[in-house]
Amino acid sequence: MKTLTSFLSGTWVAGHGQAALLYNATTEEPIAEASTVGLDFAGALRFARQVGGPALRRLSFAERGQILKRLADAIVAHRDELLLLGMINAGNTRSDAKFDVDGASATFAYYAELCKSLGEAHYLVDGEPIPLGRSSRLSGQHVFCSRTGVAIHINAFNFPAWGLAEKAATAIAAGMPFVTKPATSTALLAHRMFEVMIESGALPEGTAQLVCGGAGDLLDHLTSQDVVAFTGSADTAAKLRGHRRVLAKGVPVNVEADSLNVALLGPDLDSGAPSYDLFLTCVVKELTQKAGQKCTAIRRIFVPTDKVEQVVADLIDRLSIHKVGAPSKDEVTIGPLSTAQQKVDALAGIAKLAAEAKIVFGGPDSLSLHGADPSKGYFVMPTLLVAQSSESLSAVHSHEVFGPVATVIPYTDSAQVVAQIARGEGSLVASIYSDDKSFLQDTVLGLAPYHGRICIGSEKVAGTFIPPGTVMPQLLHGGPGRAGGGTELGGTRGMTLYMQRTALQGFGPFLESLATAGAKLSGGR
Ligand code: NAP
């Protein structure tokens, strides 16, 4: 069995004592173990601050871009090996594993290009000079400079590759060293990808460290220039936010947590319309891809009351084509969930939803597998539920089932549907499908305060639409309320998490010279 080591203070180290086991999600065989007991996290954070930070901050954006490009190339060069690890440990089909691993290399590649376009600057300039007096002698200017601490990245189990990359790329671009901690249960892929990154020789010493296993006392050593970026459950997020060291040192904590993402079908669309077809395609993709274990997967499907019957019939038609089973089999499109605990949680969640909505497809008793032993593995069948009315629902609006599960909910008009969607209390992404401008305007602007991203699917973009579950590095990822209130990615916007915004007041021409030597916050591609 493989022992997953951590990479701290420039050395690969193994913890002692009781190790956590990692399993093959299809066969339940133990495949690796990881422990962090006894590891020196205090020393690792010091190493990052004293060695990695200065090395990275000395480099211009363009030079950091060259590092990111080499990381992207290294991951691409090891693609097949990494895909296999995702298939074994996380239960991904090859296509799902590509979504994770290619997402990682694409994010590094995007930030490489962005950094190149920011040029030889070392800091970002936010906005134009602001006159502070009658003449231009005294003016103000906002700038973002790299924080001098270390970024702690704590990731969820569902994207061992992309989760590591999206946080690492923005931190490196911003000039901040990081310590990344993948979820232990699926760390096999993250561990190998990190090894590949180190072996590439692209990373200056101290800029990247890896924790494989429990977080231990990692957060006890935070200082005021550090940052925490977390993806995972709302429960863990609350613990991190309330950590005494976070509170005492005023450490920023960026959170991506639970989310009850919505697909909304406009009243103008009928079966056969390109935008209706797009709606079905997106819903089925988000329900089935990575067995629904995506923070951006669609959980609630809002449909005009008089179209529910047709939509449910069409969704069942498309879901019936999918095959659940061993991810290594070519015909299989949905693999197992990643861990035993996720299966337990998903089945309990389905039972909760079934108490207020009717299962019309799948469900806990419908297990039918291809190429896999039904007595093993963390399989959950794709499950569609239908509710009678939105107002009577509680769990459907508040409980995220992290698996291939979604509920169709009827609505009457745009004002009612906006109010019902808002009961999710903040989500990462909503997708709206309509060719009716006035419906789009009402719902897009009505839903914007509750969402980090809104995808507008219409006839005009049906051929080029990117499904809502695909996070684009150019655009912000994050959402308000239940979704954690965080923001990641979004080009330079994501980099600002790792930088301090400072208002400068002084002699106008001096500030202008500083502004000229910086890169525009809104610059780049
Ligand atoms: P989790 O249990 O919250 O774990 C997430 C990460 O936090 C893991 O790396 C975990 O490490 C670490 N962690 C746990 N307790 C910690 C502590 N006290 N101090 C420091 N780190 C700690 O979440 P998960 O099991 O990966 O995912 C569960 C749920 O998160 C999902 O069901 C879903 O609802 C949500 N989720 C949301 C998103 C999103 O982007 N919005 C993405 C994925 C998942 P260990 O693995 O070592 O315990």
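Bear in mind that the values here come from a model prediction, so they are computed numbers and not experimental data.
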For this session: Start with the C-alpha gap between R64 and L118, add the side-chain angles, then the distance that decides, and say whether side chain to side chain contact (heavy atoms under 4.5 Å, CB included) holds.
Result: CA-CA 10 Å; R64 293 173 208 164; L118 296 175; over 6 Å; no
When you look at [atom1] of [X], are more than 12 heavy atoms from neighbouring residues, nucleotides or ligands closer to it than 6.0 Å?
| X | atom1 | value |
| --- | --- | --- |
| Y450 | OH | no |
| R245 | CZ | yes |
| F510 | CZ | no |
| E28 | CD | yes |
| L504 | CG | yes |
| E81 | CD | yes |

Is any side-chain heavy atom of [X] less than 4.5 Å from a side-chain heavy atom of [Y]?
| X | Y | result |
| --- | --- | --- |
| Q289 | D96 | yes |
| T26 | P327 | yes |
| V471 | R453 | yes |
| T333 | T288 | no |
| I172 | F178 | yes |
| D220 | R244 | yes |
| I334 | T93 | no |
| E256 | C295 | no |

What's the spacing between [X] [atom1] and [Y] [atom2] if we round to 0.5 Å?
| X | Y | atom1 | atom2 | value |
| --- | --- | --- | --- | --- |
| T3 | W12 | OG1 | CH2 | 13.0 Å |
| T27 | I88 | OG1 | CD1 | 9.0 Å |
| T231 | L164 | OG1 | CG | 11.0 Å |
| H221 | L45 | NE2 | CG | 7.0 Å |
| S9 | L39 | OG | CG | 10.0 Å |
| T516 | L511 | OG1 | CG | 10.5 Å |

Problem set entry | Worked verdict on K98 versus N92 for side chain to side chain contact (heavy atoms under 4.5 Å, CB included) | CA-CA 9 Å; K98 282 186 206 166; N92 292 171; over 6 Å; no
Exercise. Is the gap between the ring centers of Y498 and H153 under 6.0 Å?
Worked result: yes
For a quick check under 3.5 Å, do [X] and [Y] share a side-chain donor-acceptor pair by atom type?
| X | Y | answer |
| --- | --- | --- |
| E166 | T107 | no |
| K167 | N155 | yes |
| D226 | T223 | yes |
| S259 | N261 | yes |

Taking 4.0 angstrom as the limit, do [X] and [Y] come out as a salt bridge?
| X | Y | result |
| --- | --- | --- |
| R300 | E400 | no |
| D330 | R94 | no |
| K69 | D73 | yes |
| D100 | K294 | no |

Side chain [X], main chain [Y], donor-acceptor under 3.5 Å:
| X | Y | result |
| --- | --- | --- |
| K181 | G213 | yes |
| S146 | A174 | yes |
| E286 | G469 | yes |
| T496 | M499 | no |
| R482 | G424 | yes |
| H477 | G490 | no |
| Q342 | T339 | no |
| T170 | L489 | no |
| R57 | G175 | no |
| Q141 | G508 | no |

Which heavy-atom pair separates [X] from [Y] by the least distance, and what is that distance?
| X | Y | result |
| --- | --- | --- |
| A74 | S200 | CB-CB, 3.8 Å |
| A90 | S338 | O-OG, 2.9 Å |
| D126 | F144 | OD2-CE1, 3.7 Å |
| P30 | M1 | CB-SD, 3.9 Å |
| S105 | I75 | CB-CG2, 3.9 Å |
| R299 | G292 | NH2-O, 2.9 Å |

For this session: Mind telling me whether F7 and F194 have parallel, tilted or perpendicular rings, with 30° and 60° as the class edges?
Result: tilted
For this session: Report yes or no: is the cationic atom of K239 (NZ for Lys, CZ for Arg) closer than 6.0 Å to the six-membered ring centre of F230, at no more than 45° off its axis?
Result: no
For this session: Start with the C-alpha gap between L189 and N89, add the side-chain angles, then the distance that decides, and say whether side chain to side chain contact (heavy atoms under 4.5 Å, CB included) holds.
Result: CA-CA 8 Å; L189 167 53; N89 186 198; 5.8 Å; no
Seminar exercise, completed: Only residue of V262, L428, I298 satisfying side chain to side chain contact (heavy atoms under 4.5 Å, CB included) with P468 is I298
Exercise. Going through the checks in order, is the side chain to side chain contact (heavy atoms under 4.5 Å, CB included) test met by M495 and Y111?
Worked result: CA-CA 10 Å; M495 289 158 58; Y111 271 95; 4.1 Å; yes
